[in-house]
Amino acid sequence: MRYSEMFLPTEREIPSDAEVISHQLMLRAGMIRKLSAGIYCYLPLGYRVIRKVEQIIREEMNRAGAQEVFLPMVQPAELWQESGRWEYYGKELQRFRDRHDREYCLGPTHEEVITDLVRNELKTYRQLPKNLYQIQTKFRDEIRPRFGVMRSREFGMKDAYSFDADEEGAELSYARMFEAYKRIFARCGLRFRPVEADSGTIGGSFSHEFMVMADSGEDGLVFCSECAYAANLEKAEVHPPEKADMSAIEELPLTEVHTPNIRTIEEVSAFLDVTPQDIVKTMIFNADGQPVAVLIRGDEEVNEIKVKNYLGCNEIELAMDDMIEEVTGAPRGFAGAVGIRARIVADNSLLNMKNFVMGANREDYHVRNVNVGRDFSIAAFADLKIARETDACPRCRKALSLARGIEVGHVFKLGTKYSKAMGASFLDRNGKDQTMIMGCYGIGTGRTVAACIEQNNDENGIVWPMPLAPFQVIITPVNINDKALADTAERLYDSLVAKGVEVLLDDRDERAGVKFKDADLIGIPIRVTIGPKKLAEGKVEIRMRDTGEVNAILLEQVEETLLSQIASKMGENVSGSHD
RNA sequence: CGGGGCGUAGCGCAGCUUGGUAGCGCGCCUGCUUUGGGAGCAGGAUGUCGCAGGUUCAAAUCCUGCCGCCCCGACCA
């Protein structure tokens with residue numbers, strides 16, 4: 001491709017509405033342009049990178065035995081009513097009516113469509129397992145799209161669905177996808193980590209997210225310093241504290257203290273001159289309409305998802321003031337466990353606490369020297385807190401580490417959630433009707449590209465890993481009006497193109513500085529600079545974008561040198577060959 | 001949906017408080033010079049000042065309503 005002919009509008013200044021680095025660089029490098037909130041156009045440079053990601057995905061999905069299909073984006077409401085998600089999915093699901101007033105939605109995901117397709121066509125265990133995937137545009141009417149293509153409303157996604165006859169088969173399908181995903185993200189040149197995750201509204205029993213490590217990521221994750229445990233912060237378990245021998249500590253008499261307008265942990269600890277570790281927080285939740293009091297040590301935070309999963313409820317939120325007053329008889333800020341009219345659950349952080357402070361369920365009062373058993377009882381302790389770095393690994397008790405990441409892929413064991421609701425069954429060996437067991441597996445293509453930029457950039461722009469680079473090589477003659485330079489550039493360009501190298505020839509009549517800045521900004525891994533001084537010696541310069549290393553190479557050796565550089569940079573992230 | 005901010009040339013911004021000829025930098029076009037890290041000089045083009053009402057002799061500027069976009073929160077694969 002000739003730069004002079006390419007639609008590649010680069011920007012010198014940072015667009016004012018871009019916050020994160022990947023968004024800024026995608027705009028500046030002419031990869032994307034915004035059409036509307038959360039809706040983006042991909043320009044040629046950006047789309048070339050998308051196609052690189054898609055190609056890697058295709059190769060690895062095909063290798064893992066999946067087959068590519070292409071499903072409609074517009075989906076009839078009836079299918080979603082069948083699965084029950086027409087009601088449950090909420091406002092993210094973009095609904096509309098056609099001219100006959102029939103209801104439809106734009107596909108945010110395709111469990112319904114694929115399950116419908118499969119139930120109509122697959123009838124016997126002999127036809128199973130099957131794994132079908134597509135790469136397609138999804139639409140989710142996000143409450144707040146942000147960070148460019150990282151969280152957009154319209155976005156590209158690879159989604160795969162597996163159908164198995166039995167649990168062992170489903171396990172195998174899941175494991176194969178898990179391995180395929182590891183290969184995909186490794187081949188993309190990403191530093192990533194698979195983590196255990198909550199399965200959310202997609203549902204199902206078990207899932208892993210693939211997190212690209214980046215401080216700008218929206219998700220928190222924890223991982224063990226010793227063993228393989230890693231999980232999304234939403235899900236991360238912690239090992240309960242060692243049970244200490246508390247018998248030596250005498251239980252002091254319960255005392256009510258006047259604490260006028262003292263509500264928060266900070267206020268209470270300052271006012272009563274105790275540490276937050278001496279206080280128990282009582283959080284009132286509304287769980288499917290029922291009040292639940294969650295007790296946790298003052299310096300810890302409640303993980304709502306853990307509470308939700310522990311209670312097994314559908315909806316959970318912090319209770320409104322009227323519910324708080326109903327169960328405590330006091331306004332917000334003075335809730336405690338003693339005498340509360342709500343189910344009580346306690347985090348493990350209470351295990352070794354004695355003579356602690358909590359709200360008195362009376363306005364402007366707290367109580368001191370509260371003790372579990374004597375003053376109120378707890379049916380069971382559970383892990384309900386947000387994990388911290390001071391917590392111990394739930395598997396091996398070693399130290400946990402915290403990091404931030406970008407979720408680029410998610411694999412779910414769906415079980416029979418959709419196949420049962422929609423009647424996707426088959427006849428087994430004995431002629432008996434059985435429900436298919438499903439899995440689903442997603443990768444955000446645009447998000448993968450953005451995540452890659454988050455990990456690979458410097459002050460001059462993007463630094464593409466070779467496998468995702470829109471071009472492998474850029475040829476930069478420093479002055480196109482110097483015929484010797486221009487001719488050399490043209491000849492090298494032709495010969496590299498003939499060898500199948502993806503090369504951009506910067507044939508613009510611009511000064512060298514402008515070309516260098518643009519080459520750095522768009523992040524092409526290898527730049528061949530053709531200038532008068534080195535050319536007089538029969539040489540050109542090869543400069544690596546990542547290290548900045550420059551080597552002068554004899555013209556007759558350039559092609560060979562480039563081919564070997566490219567080859568070594570294509571495969572350096574994955575051992576073994578790939579088709 | 002709640003809170004905050006912004007909408008002026010392709011991009012980044014000033015002007016608005018105190019109403020009166022719409023500006024700056026970059027980019028763009030022409031010419032000359034220059035040619036290895038975003039060149040210099042000279043000349044030039046480009047604006048329904050987000051939209052609609054209102055106040056006024058006069059509105060980018062004041063008032064009202066609406067729309068769009070960004071940030072924080074709630075929410076979310």
Side-chain angles (χ1 to χ4, degrees), chain A residues 9-20 23-24 27-28 30 33-39 85 88-93 107-111 138-148 150-153 155-159 197-204 207-211 218-219 232 234 304-305 308 315-318 320 406-412 414 440-447 459-461 476-482 485-486 506 508-521 527-536 540-541 543 548 550 552:
Chain A
T10 57
E11 303 280 348
R12 296 184 182 207
E13 303 200 54
I14 299 170
S16 60
D17 55 0
E19 194 77 0
V20 297
H23 188 197
Q24 294 173 354
L27 288 166
R28 286 191 59 208
R33 288 292 181 261
K34 183 173 66 187
L35 181 64
S36 182
I39 300 179
R85 287 207 291 186
Y88 281 102
Y89 210 99
K91 289 183 180 166
E92 271 193 7
L93 185 64
T109 173
H110 280 69
E111 283 81 5
K138 307 291 187 210
F139 191 90
R140 297 182 188 176
D141 193 8
E142 291 284 343
I143 291 172
R144 183 147 89 88
R146 58 184 135 180
F147 305 149
M150 201 99 90
R151 177 171 295 277
S152 51
R153 296 195 293 168
F155 62 99
M157 179 170 161
K158 186 283 302 180
D159 46 324
D198 191 75
S199 44
T201 55
I202 292 274
S207 79
H208 284 90
E209 289 167 343
F210 285 77
M211 294 284 193
E218 287 189 276
D219 291 289
N232 190 306
E234 290 179 346
E304 281 194 30
I305 290 171
K308 180 181 174 188
E315 295 290 334
I316 188 163
E317 57 177 6
L318 275 170
M320 295 291 123
I406 300 162
E407 178 195 345
V408 291
H410 202 157
V411 293
F412 296 84
L414 288 176
C440 81
Y441 318 93
I443 293 177
T445 51
R447 189 181 279 187
E459 64 280 8
N460 293 313
T476 306
V478 299
N479 181 358
I480 206 73
N481 299 312
D482 182 327
L485 302 185
D506 195 347
R508 295 176 300 169
D509 185 9
E510 290 284 355
R511 293 168 64 87
V514 172
K515 296 187 182 191
F516 293 156
K517 289 288 183 188
D518 276 332
D520 285 352
L521 177 61
R527 187 179 85 202
V528 180
T529 312
I530 302 178
K533 294 195 198 83
K534 285 289 184 305
L535 191 61
V540 297
E541 281 173 3
R543 182 176 195 277
V550 180

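Chain A is the first sequence line, chain B the second, and so forth, proteins listed ahead of strands; every chain is numbered from 1.
Of all nucleotides present, none satisfies the Watson-Crick or G-U wobble test against B:rU55 with each distance under 3.5 Å. In this entry B:rA60 has no Watson-Crick or G-U wobble partner, no candidate having both defining distances under 3.5 Å. Of the nucleotides present, B:rG31 is the one that pairs with B:rC41 by Watson-Crick or G-U wobble criteria, both distances under 3.5 Å. A 3.5 Å limit on both hydrogen-bonding distances identifies B:rC67 as the Watson-Crick or G-U partner of B:rG7. The partner of B:rU46, taking Watson-Crick or G-U wobble pairs whose two distances both stay under 3.5 Å, does not exist in any strand shown. Shown here, B:rG2 forms a base pair with B:rC72; the pair counts as Watson-Crick or G-U wobble because both key distances fall under 3.5 Å. Base pairing analysis places B:rG23 opposite B:rC13; the two distances defining the Watson-Crick or G-U wobble pair are each below 3.5 Å.
A:Glu142 places its CD atom 15 Å from the P atom of B:rG73, with the value rounded to the nearest Å. The separation between A:Leu318 atom CG and B:rG73 atom P is 16 Å, rounded to whole Å. Rounded to a whole Å, the CE atom of A:Met150 is 20 Å from the P atom of B:rC76. Taking atom CD1 of A:Ile406 as the reference point, atom C1' of B:rA77 lies 15 Å away to the nearest angstrom. One interatomic measurement links the two molecules: CD of A:Glu218 to C1' of B:rC71, which rounds to 13 Å at whole-angstrom precision. Straight-line distance from the CD atom of A:Glu92 to the P atom of B:rA74: 15 Å, rounded to whole Å. Atom CD of A:Glu510 is separated from atom C1' of B:rC28 by 12 Å (rounded to the nearest Å). With rounding to whole Å, A:Lys517 atom NZ is found 17 Å from B:rC26 atom P.
Closest to the A:Arg151 side chain, of the nucleotides B:rC11, B:rC76, B:rG36, is B:rC76. Among B:rA77, B:rC71, B:rC1, the nucleotide with an atom closest to any side-chain atom of A:Phe412 is B:rA77. Here the nucleotide nearest the side chain of A:His410, chosen from B:rU35, B:rA74, B:rA77, is B:rA77. Nearest nucleotide to the A:Ala37 side chain, out of B:rC70, B:rC11, B:rG36: B:rC70.
Among the protein residues, A:Arg153 comes within range of no part of the nucleic acid, since none of its heavy atoms lies under 4.0 Å from any strand. Here A:Arg33 lies out of heavy-atom contact (under 4.0 Å) with every strand. When heavy atoms are screened at a 4.0 angstrom cut-off, A:Phe155 is found touching base atoms of the nucleic acid. At the heavy-atom level, A:Lys34 lies under 4.0 Å from the strands shown only through sugar-phosphate atoms. Looking at heavy-atom distances under 4.0 Å, A:Asp482 makes no contact with the nucleic acid at all. Note on A:Gly531: a base of the nucleic acid sits closer than 4.0 angstrom, heavy atoms only. Counting any heavy atom pair closer than 4.0 Å across all strands shown, A:Glu407 reaches sugar-phosphate atoms only and no base atom. Nucleic acid contact for A:Asp518: base, since at least one base atom lies under 4.0 Å from a heavy atom of the residue.
In this structure, the side chain of A:Lys515 engages the main chain of A:Pro477 through a donor-acceptor pair within 3.5 Å.
Comparing B:rC32 with B:rG36, their C1' atoms sit 23 Å apart, to the nearest whole Å. Separating the C1' atom of B:rG47 from that of B:rA60 is a span of 11 Å, rounded to the nearest Å. With both ends at atom P, the span from B:rA22 to B:rU18 equals 22 Å, rounded to whole Å. Look at the P atom in both B:rA74 and B:rG7: the space between them is 28 Å, to the nearest Å. Atom P of B:rG38 sits at a distance of 23 Å from the matching atom of B:rG12, rounded to the whole Å. Here the separation of B:rC63 from B:rU56, taken at their C1' atoms, is 12 Å to the nearest Å. Atom name P, nucleotides B:rC24 and B:rG43: the rounded distance is 13 Å, in whole Å. As rounded to the nearest Å, B:rG2 and B:rG65 have P atoms that lie 15 Å from one another.
Looking at which nucleotide of RNA chain B each of A:Glu541 and A:Glu234 is closest to, the 5′-most match is held by A:Glu541. Mapping A:Arg508 and A:Phe147 onto RNA chain B by nearest heavy atom places A:Arg508 at the nucleotide closer to the 5' end.
A:Asp520 contributes a side-chain N or O that forms a donor-acceptor pair with the base of B:rG37 under 3.5 Å. In terms of polar N and O atoms assigned as donor or acceptor, the side chain of A:Arg12 never comes within less than 3.5 Å of the base of B:rG25 in a complementary pairing.
Every residue two or more places apart in sequence or in another chain that forms a side-chain hydrogen bond (donor to acceptor under 3.5 Å, both in side chains) with A:Asp506 is listed here: A:Arg508.
Minimum heavy-atom separation, A:Gly30 to A:Arg33: CA-NH1, 4.0 Å. Scanning all heavy atoms of the two residues, the minimum distance from A:His23 to A:Asp17 falls at CE1-O, 4.0 Å. Contact record, A:Gln24 with A:Ala18: NE2-O, 3.2 Å, taken as the closest heavy-atom pair.
Note that A:Arg447 lies outside the cation-pi zone of A:Phe155, set by a 6.0 Å cut-off to the ring centre and a 45° limit from the axis.
Tested against A:Asn232 for a side chain to side chain donor-acceptor pair (under 3.5 Å), the candidates A:His208, A:Glu209, A:Glu407 yield a single pass: A:Glu209.
Under a 4.0 Å N-O distance rule, the pair A:Glu541/A:Lys533 does not qualify as a salt bridge.
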Please determine whether side chain to side chain contact (heavy atoms under 4.5 Å, CB included) holds for the pair A:Tyr89 and A:Thr109, giving the CA-CA distance in whole Å, both sets of side-chain angles, and the decisive distance to 0.1 Å. CA-CA 11 Å; A:Tyr89 210 99; A:Thr109 173; 4.3 Å; yes

A:Lys517 vs A:Glu510, test: salt bridge (charged side-chain N to carboxylate O under 4.0 Å, His left out). Steps then yes/no. CA-CA 11 Å; A:Lys517 289 288 183 188; A:Glu510 290 284 355; over 6 Å; no

Hey, what are the protein-to-nucleotides 12-15 of chain B N/O distances that come in under 3.5 Å?
residue	atom	partner	partner atom	Å
B:rG12	OP1	A:Ser16	N	3.1
B:rG12	OP1	A:Ser16	OG	3.3
B:rG12	O2'	A:Glu13	OE1	3.4
B:rC13	OP2	A:Ser16	OG	3.2

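Phosphate proximity of B:rC72 to A:Arg144: present, with a side-chain N or O under 4.0 Å from OP1 or OP2. One finds no side-chain N or O of A:Arg511 lying less than 4.0 angstrom from the OP1 or OP2 phosphate oxygen of B:rU34. For A:Lys515, no side-chain nitrogen or oxygen approaches OP1 or OP2 of B:rU35 to under 4.0 Å. Within the 4.0 Å cut-off from OP1 or OP2 of B:rC72, at least one side-chain nitrogen or oxygen of A:Arg146 is found. Phosphate contact (OP1/OP2 of B:rC69, side-chain N/O of A:Ser36, threshold under 4.0 Å): present.
Inter-residue side-chain proximity for A:Met211 and A:Ile406 is flagged as unmet; no heavy-atom pair is nearer than 4.5 Å. Counting heavy atoms from C-beta outward, A:Glu11 and A:Leu27 have side chains that stay 4.5 Å or more apart.
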